[in-house]
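The structure under discussion appears below in the form of structure tokens.
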Amino acid sequence: MRFLIVDDSVNIRTFIRKVLNMTGLPVEEILEAGNGQQGIEVLEKEKVDVVLTDINMPVMDGLEMIRLVKAQPRFSELKMIIVSTEGSREKILEAVKMGAAGYLKKPFGPEQVLNLLTETMQNGE
Amino acid sequence: MENEQFQEAIAQTVREVLETMTFIEVMPETPYLESAFRLENEWSALLPFFGADSGSLLLNCSSSFAKTATGALLGLEENEVAEGQAMDTVRELANMMAGGVFFRLDSEKSSVQLGIPRFFRREEVADLPISVAGVLICPFVFRSLSPEGEQEERVFIEFGRDTKV
């Protein structure tokens with residue numbers, strides 16, 4: 001599986017990378033981007049299976065990135081998961097409307113990531 | 001903002017964030033009110049919030065605490081942690097704490113929007129473009145190891161409400 005982590009915090013990107021490698025999932029490659037605009041640029045050039053993105057970022061936030069990406073038919077199979085400090089039901093529903101496949105609220109550990117990714121990939125089958 | 005429910009939300013959130021992300025165990029001490037942010041330690045992250053409630057959350061900690069937390073977060077030895085990484089950790093911890101507190105107060109609606117956290121050192125406080133009408137100071141104590149032995153340190157989570165003009 002090829003992952004893209006989108007977050008303006010370098011530390012959080014490193015933490016998520018560490019957690020992904022601890023889940024036992026078949027991780028082929030992990031790419032990174034610092035905001036939604038950079039995330040889109042990576043998706044234009046690289047094959048990605050799952051995107052893990054924060055919401056609040058400068059330049060372009062995560063929800064706008066999801067909206068723009070999911071508007072393109074070639075990304076219909078791409079799983080986009082929100083990873084955010086905000087976790088209200090209202091925010092989750094907004095993210096799902098935009099096209100998010102899942103929502104992970106910070107703070108989290110490897111078990112939560114594994115459970116969510118397993119559920120998300122199963123929902124796609 | 002100063003009520004028991006709010007204070008309990010802060011205590012639970014801070015412990016959850018620090019234990020989950022950095023494996024640091026902290027114990028809450030009794031909160032108290034002051035007229036301004038208290039900057040007992042040298043590093044801070046300030047995060048504005050607005051909406052149904054508006055003000056700022058400030059996480060105040062020592063640089064050594066920040067490096068310990070970063071080492072645990074990233075799987076590094078403390079002497080491998082760069083200052084920039086430690087500063088990023090302070091900002092991100094403030095972000096998670098603010099998000100967690102408001103989520104505990106209302107898990108249904110996002111009635112409060114969070115801004116982008118800003119890092120600053122204590123000597124830079126004069127440049128802060130904020131003023132508050134009162135600050136709830138929430139101390140958390142933890143034990144750290146130093147060459148002199150086990151020491152007690154504190155981090156502070158401080159909630160300040162915007163002044164009304």
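Residue numbering restarts at 1 for every chain, and letters A, B, ... go by the order of the sequence lines.
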[X] with [Y], same ILVMFWY side-chain cluster at under 4.5 Å:
X       : Y        : answer
A/Val6  : A/Val96  : yes
B/Ile24 : B/Val155 : yes
A/Leu25 : A/Ile5   : yes

Answer yes or no: are there more than 12 heavy-atom neighbours, outside [X] itself, under 6.0 Å from its atom [atom1]?
X        : atom1 : value
B/Glu25  : CD    : no
B/Glu29  : CD    : yes
B/Arg143 : CZ    : no
A/Lys18  : NZ    : yes
A/Glu44  : CD    : yes

Rounded distance [0.5 Å steps], [atom1] in [X] versus [atom2] in [Y]:
X       : Y       : atom1 : atom2 : value
A/Phe15 : B/Thr70 : CZ    : OG1   : 12.5 Å
A/Asn56 : B/Asn95 : CG    : CG    : 7.0 Å
B/Met96 : A/Ser84 : CE    : OG    : 11.0 Å
B/Leu74 : A/Thr14 : CG    : OG1   : 5.5 Å

Query raised in the report: Under a 4.5 Å heavy-atom cutoff, which of B/Gly115, B/Gly99, B/Gly100 has the most pairs with chain A?
Result: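 Of B/Gly115, B/Gly99, B/Gly100, B/Gly99 has the most heavy-atom pairs under 4.5 Å with chain A.
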**Report entry** Option in B/Thr20, B/Val17, B/Thr13 with maximal non-hydrogen atom pairs under 4.5 Å from chain A
**Finding:**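 The option with the most such pairs is B/Thr20.
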Query raised in the report: Tell me, side chain or backbone of B/Glu92 under 4.5 Å from chain A's heavy atoms, or both, or neither?
Result: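 The side chain, not the backbone.
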Query raised in the report: So which part of B/Ala72 gets closer than 4.5 Å to some heavy atom of chain A, the side chain, the backbone, both or neither?
Result: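 Backbone of B/Ala72 only, per the 4.5 Å heavy-atom cut-off to chain A.
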Report task. Let me see the working for A/Asp8 and B/Arg91 under side-chain contact (heavy atoms from CB on, under 4.5 Å), right down to the final yes or no. Result -> CA-CA 11 Å; A/Asp8 56 332; B/Arg91 282 190 292 264; over 6 Å; no
Requested in this report: Name the member of A/Glu94, A/Met57, A/Lys105, A/Lys106 that forms the most heavy-atom pairs with chain B at distances under 4.5 Å.
Outcome: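 When all of A/Glu94, A/Met57, A/Lys105, A/Lys106 are compared, A/Lys105 has the most.
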Query raised in the report: Donor-acceptor pair, A/Asn11 side chain versus B/Asp88 backbone, under 3.5 Å?
Result: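 Flag not set: sc A/Asn11 to bb B/Asp88 has no pair under 3.5 Å.
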